[in-house]
Amino acid sequence: MKVVLQPALVLHTRAWRDTSLLVELFTRDHGRVAVVAKGAKRSGKRSGSGMSALLQPFTPILCSWSGRSDLKNLTACESRLAAPRLVGKALYCGLYLNEILARLLQPEDANEVLFTLYEQVLQQLAQGAELDLCLREFEYRLLIELGYGFELDVDGESGEPIQSGEHYQFHPDYGLTRAAPAGHARASRYGGDDLLRWSAGEFDLPARRCAKRLMREALRQHLGDRPLKSRELFHVH
Amino acid sequence: MSFSPLIENLVDGLRCLPGVGPKSAQRMALHLLERDREGATALAESLVAAMTGVRHCQQCRNFSEETLCSICRDQRRDNKTLCVVESPSDVMAVEQSGSYRGQYFVLMGHLSPIDGIGPEEIGLDQLQSRVADEDVTEVILATNPTVEGEATAYYVGELLRADGVTVTRIAHGVPLGGELEFVDGNTLAHALSGRREVGIT
């Protein structure tokens, strides 16, 4: 199978053999694809030079590949847009996004909406938008795109609107459901007023904390028990 | 057809070398058996000796068969400057440039969450205590100009700046003898944003 000039974003690159790179791509029409870039680490004015600069994470590229097996051969690759320049904490956020995408995306399962969302969130991070808001928005829409979406202002079990003053818990099948008054541990309860403020676009500190816990719990269902390594980066600072 | 067990073992063993597949491993094994038994025996001995003898230097984490490597033991080197690099081959590269006389710290990798490598795996607590114990005044971050290298540099920088040390990052841009036409856009953008006033060296 041959694919030509496919828009893609680089998720991860690792060295392979002496001069090649093994690259995980998120492509627009083919989803997650793993390719080998032969000779990409070779320097000089021959073919392959400059390729390793393009194959850095977050870089928007156009790439062509061929091959039948799971691992394709990258035959050509060129720059599509300027790479978003992520610095400092925005860079950690980018690495976090790449880690969850690498774990959640199924190989060759195309999702153009998610591709666009990912490209947009990288631009937002690079332009200095509020990092946690970018991440929460992306996480929420990622869940929807993967088919695990839920409403933030509706009780998923009874279908009633979320009430301020009530407490809710997260259920993997229904989304948010009314929590028994005392039964649930505090850490997995979400205040109705926090949820309502969040879904109305009022991002104050308690609403942000609530959204962060909620997204973390919702994603954990799909990420498995192995902890995310990129979260460790945020701990020190 | 298959070889006798001893040869089979040798072929399998050679495949642990990077870039060596079944075919090249077989060629190597046959070459050693046919033509160079002496060299092969010497290789086997030095492999065993190196695998049992080589450890990590306690100070810089580079490979060394002694507690402290030759660079860390060298009294003439500047103990106040510390250069942080990703791998032992980076130490060799910086040494060969002949322009650095300070000490090193080898991370043996870079932060790469997807590969499961976080701050603990690259020995940052050891770096932090070394900087504090030895009164280091400047730490030069010479990790690779890759996304993971930059993330590592930023993380180490934030960690050490909190301890009041001057932290610098190596410059990157157009290679010597290169031509702008052949330099990729990202590198050129870096070179432009890191430009300097003429006359200031």
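Letters A, B, ... mirror the listed sequences (proteins, then strands); counts begin at 1. Any value given below was found using the heavy atoms of this structure, including those in side chains, with hydrogens, waters and symmetry copies removed.
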Asks: Of the backbone (N, CA, C, O) and the side chain (C-beta and beyond), which part of A:Arg85 lies under 4.5 Å from a heavy atom of chain B, both, or neither?
Replies: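 Side chain of A:Arg85 only, per the 4.5 Å heavy-atom cut-off to chain B.
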Asks: Among B:Val183, B:Thr187, B:Ile117, B:Asp115, which residue forms the greatest number of heavy-atom pairs with chain A at distances under 4.5 Å?
Replies: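 Greatest number of close heavy-atom pairs with chain A: B:Asp115.
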Asks: Which bit of B:Ser193 comes within less than 4.5 Å of chain A, counting heavy atoms only: side chain, backbone, both or neither?
Replies: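 When you check distances to chain A, only side chain atoms of B:Ser193 fall under 4.5 Å.
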Asks: Does any backbone or side-chain atom of A:Phe58 lie under 4.5 Å from a heavy atom of chain B? Answer side chain, backbone, both or neither.
Replies: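 The side chain, not the backbone.
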Asks: Can you check whether anything in residues 130-138 of chain B gets within less than 4.5 Å of chain A, heavy-atom wise, and list it by number?
Replies: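 Heavy-atom contacts from residues 130-138 of chain B to chain A are absent.
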Asks: Are there residues of residues 121-139 of chain A that reach to under 4.5 Å of chain B by heavy atoms, and which ones?
Replies: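 Under the 4.5 Å heavy-atom cut-off, nothing qualifies.
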Asks: Please, which pairs that meet ring pair (Phe, Tyr, Trp, His ring centres under 6.0 Å) have at least one residue in residues 42-72 of chain B, sequence neighbours excluded?
Replies: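 Residue pairs with at least one partner in residues 42-72 of chain B: B:His56-B:Phe63.
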Asks: Given heavy-atom pairs under 4.5 angstrom as the criterion, report whether the side chain, backbone, both or neither of A:Ala83 touches chain B.
Replies: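 Both backbone and side chain of A:Ala83 come within 4.5 Å of chain B.
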Asks: Which one of B:Pro113, B:Ala189, B:Ser112 has the most heavy-atom pairs closer than 4.5 Å to chain A?
Replies: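 Counting heavy-atom pairs under 4.5 Å, the top option is B:Pro113.
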Asks: Mind telling me whether A:Tyr148 and A:His222 have parallel, tilted or perpendicular rings, with 30° and 60° as the class edges?
Replies: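 Answer is parallel, since the angle falls under 30°.
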Asks: Please tell me whether A:Phe234 and A:Tyr96 form a close aromatic pair, meaning their ring centres lie under 6.0 Å apart.
Replies: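 Between A:Phe234 and A:Tyr96, the centre distance exceeds or equals 6.0 Å.
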Asks: Heavy-atom cut-off 4.5 Å, strictly under: side chain, backbone, both or neither for A:Arg14 against chain B?
Replies: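 Just its side chain gets close to chain B.
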Asks: Could you look at A:Ser79 and say if it's the side chain, the backbone, both or neither that has a heavy atom under 4.5 Å from chain B?
Replies: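 Contact with chain B: none, neither part.
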Asks: Can you tell me which portion of A:Leu11 sits under 4.5 Å from chain B's heavy atoms? Options are side chain, backbone, both or neither.
Replies: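 Only the backbone of A:Leu11 comes within 4.5 Å of chain B.
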Asks: Which residues in residues 87-109 of chain B have a heavy atom less than 4.5 Å from any heavy atom of chain A?
Replies: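 The list, in residue order, is empty: none.
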